[in-house]
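What follows is one structure encoded as structure tokens, with my remarks underneath.
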Amino acid sequence: MEKINIVWFKRDLRLTDHKPIQCAIQEGHPLLLLYIQEPELWEDEHMDHRHNRCIYQSLHSMNKQLSAFDQRIVVMEGNPINVFKYIHQRYSVHHVFSHQETGLRQTYQRDLQLKDFFKASSIEWKEFQRNGVQRGLKNRDSWRKAWYSYMNSPIDVVDHAQLPHSPSGDSLPELDWPARLAIPNKHAQRIGLEEAQDTMTSFLYERGRHYMQNISKPETSATHCSRLSPFLVYGNLSIRQVFQASLNQQEFGWKRNMASFRSRLRWHDHFIQKFEMEDRMEFEHVNRGYDLLRKTRNDHYLEAWATGMTGFPLVDACMRCLQATGYVNFRMRAMVVSFLTHLLWQDWRWGSPILSKYFLDFEPGIHFSQFQMQAGVTGINTVRMYNPVKQSMDNDSEGRFIKRWVPELSNVPIQFIHEPWKLTALDRKFLNLDNAYPAPIINHIEAGREARKRIWSIRNHPAVREESKRILKRHTLPGRRNA
């Protein structure tokens with residue numbers, strides 16, 4: 001049988017700064033570029049068709065560029081072990097090259113099973129570090145230094161003209177993508193190699209000039225924030241590519257904005273590293289002491305929150321915007337999680353799959369780490385309970401974002417847009433609000449007061465404090481461990 005190598009793409013859908021492709025080129029054997037669509041993964045409650053559309057767009061973009069080099073990515077569907085068995089029956093698979101993946105629990109279990117299969121089949125699997133996330137760390141003593149060293153190291157240059165040819169013989173059975181994935185969502189970002197480069201360039205040389213002053217504003221952040229997160233999730237860009245490109249921006253007035261942006265690139269990998277080292281936080285409190293926290297599921301609350309019908313304009317605008325576009329900025333994400341877990345007093349695990357389905361940039365390592373941090377169940381982070389009215393007044397003072405996404409309130413005067421419940425009954429009737437927009441689902445002042453009492457009470461529990469010491473030792477830099 002023909003000896004071949006395989007580059008297995010996962011969440012690294014790009015053709016540059018790609019170590020697996022670089023190494024496969026150096027070996028020279030016929031090369032199969034492979035992506036596997038995994039039905040079992042898409043059944044997970046955190047996954048959504050909008051994520052699948054991003055993958056479809058990415059692969060389409062890659063194959064468009066690869067066609068110039070007489071290569072293409074073959075997309076097969078099934079359990080990866082069965083797919084690799086099928087290929088190995090037809091070819092003598094020599095090496096499989098891929099990046100490591102810090103994903104959902106089932107992707108890690110899949111990789112463990114594949115490792116056994118490759119070993120039994122005498123196939124060497126070469127995995128490479130993905131961005132600045134390191135596998136096998138026990139603590140963070142050297143992580144920050146290693147991260148900067150990696151980000152400043154040379155980009156892995158890929159000479160596409162040297163790509164080995166595809167394996168000869170019968171073609172492999174390829175996936176017929178569902179037609180709906182080819183139909184773009186008019187509100188969502190389009191994903192792909194060209195779009196990634198264009199978005200990065202426009203941020204670094206145009207949109208990012210006022211990055212810091214707009215980062216918390218729900219309306220203007222959509223333009224002035226980088227909007228690179230989906231491209232990083234699906235791997236259209238590597239963190240290193242973005243980091244080094246930002247260093248090239250030397251125009252006057254940009255230095256502070258770019259330094260702040262680069263710090264967020266580091267935080268991106270910081271949270272994924274946490275998840276890499278303790279992935280049980282997909283299902284459990286990272287601080288086991290918070291297992292003592294008791295919450296009662298309220299499906300009415302969850303439904304109102306998920307559909308943007310809580311009666312709090314900014315919360316509802318954010319949730320509706322997320323449903324339509326897959327994006328709101330970091331401050332608004334923190335606020336809606338705080339509203340759910342503190343003011344509505346719901347367990348973070350009940351809201352996690354709702355938001356992950358909405359997020360175009362769902363990244364498991366960041367998602368679960370951040371959800372727990374904003375829910376106040378880590379024991380090491382400051383508990384932030386966002387007042388939805390204050391956030392609205394501070395960050396959407398004229399109600400432009402609210403009126404865009406909650407059109408029922410489009411005629412409400414600015415002085416009432418943040419608290420429409422303060423309108424008189426006659427005004428509500430005149431504005432047709434009574435049957436169109438709900439009254440507040442809770443009293444946010446009383447709910448906040450009660451949540452603070454409960455959270456701070458359990459935060460001082462011996463079980464929480466003991467777990468906090470363990471977390472600080474394992475997941476934080478040395479300077480924080482005595483905090």
Side-chain angles (χ1 to χ4, degrees), residues 186-188 210-225 227 300-346 351 354-355 358-359 374 384-449 451:
K186 65 179 182 179
H187 291 294
H210 303 294
Y211 173 65
M212 289 300 295
Q213 69 189 66
N214 290 283
I215 195 170
S216 295
K217 311 295 183 184
E219 182 74 356
T220 56
S221 61
T223 300
H224 293 284
C225 282
R227 303 304 303 273
H300 171 61
Y301 282 179
L302 287 166
E303 176 70 13
W305 176 76
T307 57
M309 292 293 286
T310 68
F312 289 89
L314 187 59
V315 173
D316 294 339
C318 287
M319 296 303 289
R320 295 185 195 187
C321 180
L322 273 172
Q323 275 189 288
T325 71
Y327 173 83
V328 291
N329 64 0
F330 175 81
R331 173 63 65 91
M332 296 302 104
R333 297 184 191 209
M335 181 195 67
V336 298
V337 172
S338 174
F339 185 85
L340 172 73
T341 58
H342 296 139
L343 302 190
L344 298 184
W345 201 243
Q346 297 297 290
I354 294 172
L355 280 190
Y358 289 173
F359 289 159
Q374 301 304 334
R384 293 180 174 88
M385 294 190 190
Y386 292 86
N387 181 322
V389 175
K390 183 178 186 304
Q391 290 298 314
S392 187
M393 292 177 173
D394 289 348
N395 296 304
D396 191 31
S397 59
E398 296 182 3
R400 292 178 182 174
F401 181 76
I402 290 170
K403 290 186 176 187
R404 176 189 296 221
W405 294 105
V406 188
E408 306 97 296
L409 303 178
S410 59
N411 294 321
V412 172
I414 289 177
Q415 60 267 37
F416 293 106
I417 193 65
H418 312 291
E419 301 172 288
W421 55 87
K422 289 188 175 180
L423 288 162
T424 66
L426 185 61
D427 285 334
R428 287 185 62 86
K429 187 175 182 64
F430 176 75
L431 293 167
N432 296 316
L433 291 185
D434 286 337
N435 297 318
Y437 189 68
I441 198 170
I442 51 159
N443 182 313
H444 66 288
I445 301 300
E446 293 180 2
R449 187 182 302 119

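Numbering of residues begins at 1 and proceeds along the displayed sequence.
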query: Taking atom CG of Asn435 and atom CZ of Arg428, what is their separation to the nearest 0.5 Å?
result: 9.5 Å

field: Candidate pair Lys429 and Thr424, rule side-chain contact (heavy atoms from CB on, under 4.5 Å), full reasoning
entry: CA-CA 9 Å; Lys429 187 175 182 64; Thr424 66; over 6 Å; no

statement: Ile354 and Ala306 have their tightest heavy-atom pair at CG2-CB, 3.8 Å

query: Is there a donor-acceptor pair under 3.5 Å between the side chain of Asn214 and the backbone N or O of His224?
result: no

- request: Check step by step if side-chain contact (heavy atoms from CB on, under 4.5 Å) holds for Met332 and Asn395.
  value: CA-CA 9 Å; Met332 296 302 104; Asn395 296 304; 4.0 Å; yes

task: For residues Tyr301 and Ile442, determine if any side-chain heavy atom of one lies less than 4.5 Å from a side-chain heavy atom of the other.
output: yes

- request: Could you tell me which non-hydrogen atom of Ile402 sits nearest to which non-hydrogen atom of Ser392, and how far apart they are?
  value: CD1-OG, 3.3 Å

message: Donor-acceptor check, side chain of Ser338 to backbone of Ala334, threshold 3.5 angstrom: yes or no?
response: no

field: salt bridge (charged side-chain N to carboxylate O under 4.0 Å, His left out) partners for Lys422, two or more places apart
entry: Glu419

field: Sub-4.5 Å side-chain heavy-atom contact between Met319 and Leu355
entry: yes

message: Is there a side-chain contact (heavy atoms from CB on, under 4.5 Å) between Gln374 and Thr341? Walk through the geometry before answering.
response: CA-CA 8 Å; Gln374 301 304 334; Thr341 58; over 6 Å; no

4.5 Å side-chain heavy-atom contact, Val406 and Leu314: no

query: Any donor-acceptor pair under 3.5 Å linking the side chain of Trp305 with the backbone of Val336?
result: yes

query: Taking atom OG1 of Thr220 and atom CD of Gln213, what is their separation to the nearest 0.5 Å?
result: 8.0 Å

- request: Determine whether His300 and Ile441 make a side-chain contact, defined as any pair of heavy atoms from C-beta on separated by less than 4.5 Å.
  value: yes

task: Would you confirm whether Asp427, through its side chain, and Leu423, through its main-chain N or O, come within 3.5 Å as a donor-acceptor pair?
output: no

Passing candidate, ring pair (Phe, Tyr, Trp, His ring centres under 6.0 Å) with His444, options Phe312, Tyr386, Trp345: Phe312

statement: By salt bridge (charged side-chain N to carboxylate O under 4.0 Å, His left out), Arg404 pairs with (sequence neighbours left out) Glu219

- prompt: Does the side chain of Trp405 reach to within under 4.5 Å of the side chain of Pro218, using non-hydrogen atoms?
  reply: no

message: Using side-chain heavy atoms (C-beta onward) and a distance below 4.5 Å, is Asn387 in contact with Leu343?
response: no

- request: Would you mind listing every side chain to side chain donor-acceptor pair (under 3.5 Å) that reaches into residues 326-336, with sequence neighbours excluded?
  value: Ser221-Asn329, Arg331-Gln391, Arg333-Asp361

message: Contact between Trp421 and Pro313 at the side-chain level, heavy atoms closer than 4.5 Å - yes or no?
response: yes

Separation between CG of Leu344 and CG of Leu302, rounded to the nearest 0.5 Å: 8.0 Å

- prompt: Quick one: does Arg227's side chain have a donor or acceptor within less than 3.5 Å of a partner on Ala222's backbone?
  reply: yes

- request: Might you point out which heavy atoms bring Cys318 and Met335 nearest each other, and give the distance in Å?
  value: SG-CE, 4.0 Å

task: Find out whether Val412 and Leu433 are in side-chain contact, i.e. whether some heavy atom of one side chain is under 4.5 Å from a heavy atom of the other.
output: yes

- line: In short, side chain to side chain donor-acceptor pair (under 3.5 Å) pairs touching residues 315-325 with sequence neighbours left out are Thr310-Asp316, Asp316-Tyr437, Arg320-Glu408, Gln323-Tyr358

task: Kindly say whether Lys390 contributes a backbone atom to a donor-acceptor pair with the side chain of His418 at under 3.5 angstrom?
output: no

statement: Glu398 meets the salt bridge (charged side-chain N to carboxylate O under 4.0 Å, His left out) criterion, sequence neighbours left out, with Arg400

message: Restricting to side-chain hydrogen bond (donor to acceptor under 3.5 Å, both in side chains), what partner residues turn up for Ser216, sequence neighbours left out?
response: none

